[in-house]
Amino acid sequence: MPELPEVETVRRGLQPVLEGRRIVTLEQRRPNLRIPFPIGFAGFVEGRRVTALRRRAKYLLIDLEDDQVLICHLGMSGRMVVLPAGSNQPPDKHDHVVFTTETGERVVYNDHRRFGLMTLTTARDEASHPLLASIALDPLQPGFDADHLSARLAGKKTPIKAALLDQRVVGGVGNIYASEALHRAGISPRRQATSVAGKRAQRLVPAMVDVLNEAIAAGGSSLRDHRQASGELGYFQHSFRVYDRTGEPCPTRGCRGVIDRIVQANRSTFFCGACQR
DNA sequence: ACGAGAACCTGTTTGC
DNA sequence: TGCAAACAGGTTCTCG
C-alpha cells in the first residue's frame, strides 16, 4: 500500500489523537511482523507520552518520552486506523497491534500481509539505525533539486524506474508514483538512470514533487488496502494518468499513444511509449 | 560492486 | 463452476 503520500496521510491523521497523549496500553497480538517485535515491547511503550509524529520516507516515527523512538513501516498492506473511545469493535484477524491512549481512543495496526514492522530505537541512535541509515532524501525535503537527483543517479546503469524505487537513491517513492512521475516528466521508464541529468532531471524533480503533493492532498491512493487514519479511503487513484491504465489512451495533450504495461525489477510499470522518451 | 530475481505472506482477481 | 496462476502499494537476501 503505502508510499510517501499514504504514510504522510496516516501521520497527519494520527497526530491529533497521539501527539501529547500518553499510551496507556499496547496490545501486541502476535510475536512478529516482517521482523520480531523487540523483547518487552508492550511494557516499554506503555505509560510513555507521545511527543511527536514524524515521517522519514515511508517510515512513520513516533517520538516517545525519554528520547525513545518507535519505528513503524506499513509494508504493502498496513493500516493504522483510529477507533473512538468507547468503541467496542471486535478485533479483526489481522489487527496485530492496538494502542490505547489516556483518552480512551485506540489506534489499530492492521496488516494482512505482514510486510510491515515495528521496532524501537533512541533519538541518539536513529540516524545510524540499520533501517534508516541509508535512506535518501525524499522529494519533499529541502535540498532535493535537480543537481541532487542527478548526483544520486550518476553511474547507475539500471533503468530509471528501478532507480526511483531504490530507497538509497530517492526516499519515499514507490511503484505508483514512480510511474506517474516519469509520465509527467516525459521520461521513459526504460532509460538508463545515469542519463537522467540536466534538462531531464529538471523536469523529473517537479514532476515528483507535484504528484506527491497532489496525492497527499487527496488522502493518498486506495487501490485495495490503504485507509486514512479516519478509516476513509484516499482518492488519488482517480487522478492516475498511467498506473493500472493499460490500453487506455495517453492523457498527455496532443499525444496519440496508448498506455502500456511492462515488468521491471519484478514490478509493473505503466507508461506511454509515444510521449515518454 | 552491481543488478536481476526470488522470497517473505495473505487475499483477490483472472484465465483455462 | 472450480481450481490454479497471476498479481498486489515494499524490502531484503541470494546469486551470477
Side-chain angles (χ1 to χ4, degrees), chain A residues 1-11 29-36 55-60 71-81 92-96 109-119 129-136 138 152-182 189-195 208 211-212 214-216 218-228 233-240 242-247 261-270:
Chain A
M1 160 195 95
E3 305 182 33
L4 186 157
E6 290 73 34
V7 178
E8 180 62 17
T9 296
V10 169
R11 189 191 71 80
R29 306 184 69 242
R30 54 171 297 121
N32 62 290
L33 295 172
R34 197 182 85 212
I35 63 173
R55 180 185 55 72
R56 176 80 198 283
K58 300 176 194 172
Y59 283 89
L60 180 66
I71 300 174
C72 304
H73 195 290
L74 304 182
M76 288 278 260
S77 55
R79 306 173 178 175
M80 293 190 92
V81 172
D92 176 84
K93 170 181 171 187
H94 301 296
D95 287 351
H96 303 312
Y109 178 78
N110 178 290
D111 182 2
H112 65 87
R113 293 182 75 180
R114 303 202 304 272
F115 287 164
L117 64 85
M118 279 188 206
T119 193
H129 192 282
L131 292 169
L132 305 175
S134 56
I135 295 179
D138 74 49
R152 304 298 300 177
L153 297 172
K156 300 224 167 288
K157 301 222 270 255
T158 197
I160 183 62
K161 161 64 163 31
L164 295 182
L165 294 184
D166 185 340
Q167 301 298 296
R168 296 165 305 182
V169 176
V170 178
V173 174
N175 207 39
I176 293 174
Y177 301 106
S179 281
E180 291 293 319
L182 287 168
R190 296 174 156 133
R191 172 176 283 284
Q192 271 202 1
T194 193
S195 76
M208 292 201 281
V211 75
L212 294 174
E214 290 170 30
I216 291 168
S221 301
S222 289
L223 266 54
R224 338 181 135 61
D225 300 313
H226 170 60
R227 291 289 184 285
Q228 305 190 47
L233 298 172
Y235 52 89
F236 191 71
Q237 65 277 15
H238 303 301
S239 301
F240 291 167
V242 293
Y243 189 87
D244 207 17
R245 295 197 179 282
T246 310
R261 174 186 180 272
I262 58 174
V263 174
Q264 297 178 291
N266 277 340
R267 316 293 303 278
S268 291
T269 298
F270 301 91

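Nucleic acid contact class of R113(A) (heavy atoms, under 4.0 Å, all strands): base. Using a 4.0 Å heavy-atom criterion, one finds that S268(A) contacts the sugar-phosphate atoms exclusively.
In this structure, L131(A) places its CG atom 6 Å from P of dT12(C), rounding to the nearest Å. One can place CG of D95(A) at 15 Å from P of dT10(B), the figure rounded to the nearest angstrom. D225(A) places its CG atom 11 Å from the P atom of dT13(B), with the value rounded to the nearest Å. dA4(B) atom P lies 10 Å from atom CD of Q192(A), rounded to whole Å. D111(A) has its CG atom 13 Å from the P atom of dG10(C), to the nearest Å. Nucleotide dT10(B) holds its C1' atom 6 Å from the NE2 atom of H94(A), rounded to whole Å. In this structure, CG of D244(A) is placed 10 Å from P of dT14(B), rounded to the nearest angstrom. Between the CD1 atom of I35(A) and the P atom of dT11(C) there is a distance of 13 Å, rounded to whole Å.
If you take atom P in dG3(B) and the same atom in dA8(C), they sit 23 Å apart, rounded to whole Å. dT1(C) and dT10(B): their C1' atoms are spaced 24 Å apart (whole Å). For the P atom pair drawn from dA5(C) and dA6(B), the interatomic distance equals 16 Å after rounding to whole Å. Taking atom P in both dT14(C) and dC9(B), the straight-line distance is 16 Å, to the nearest Å.
Atom CZ of R190(A) has 12 or fewer neighbouring heavy atoms from other residues, nucleotides or ligands inside a 6.0 Å radius. The number of heavy atoms from other shown groups lying within 6.0 Å of CZ (R30(A)) is above 12.
Searching all strands for a Watson-Crick or G-U wobble partner of dC9(B) with both distances below 3.5 Å returns nothing.
Judged by closest nucleotide on DNA chain B, K156(A) is the one of K93(A) and K156(A) placed further toward the 5' end.
One donor-acceptor pair, N or O on each side, does fall under 3.5 Å between the base of dA6(B) and the side chain of N266(A).
For the OP1/OP2 pair of dC9(B) and a distance below 4.0 Å, the side-chain nitrogens and oxygens of H112(A) include no atom meeting the criterion.
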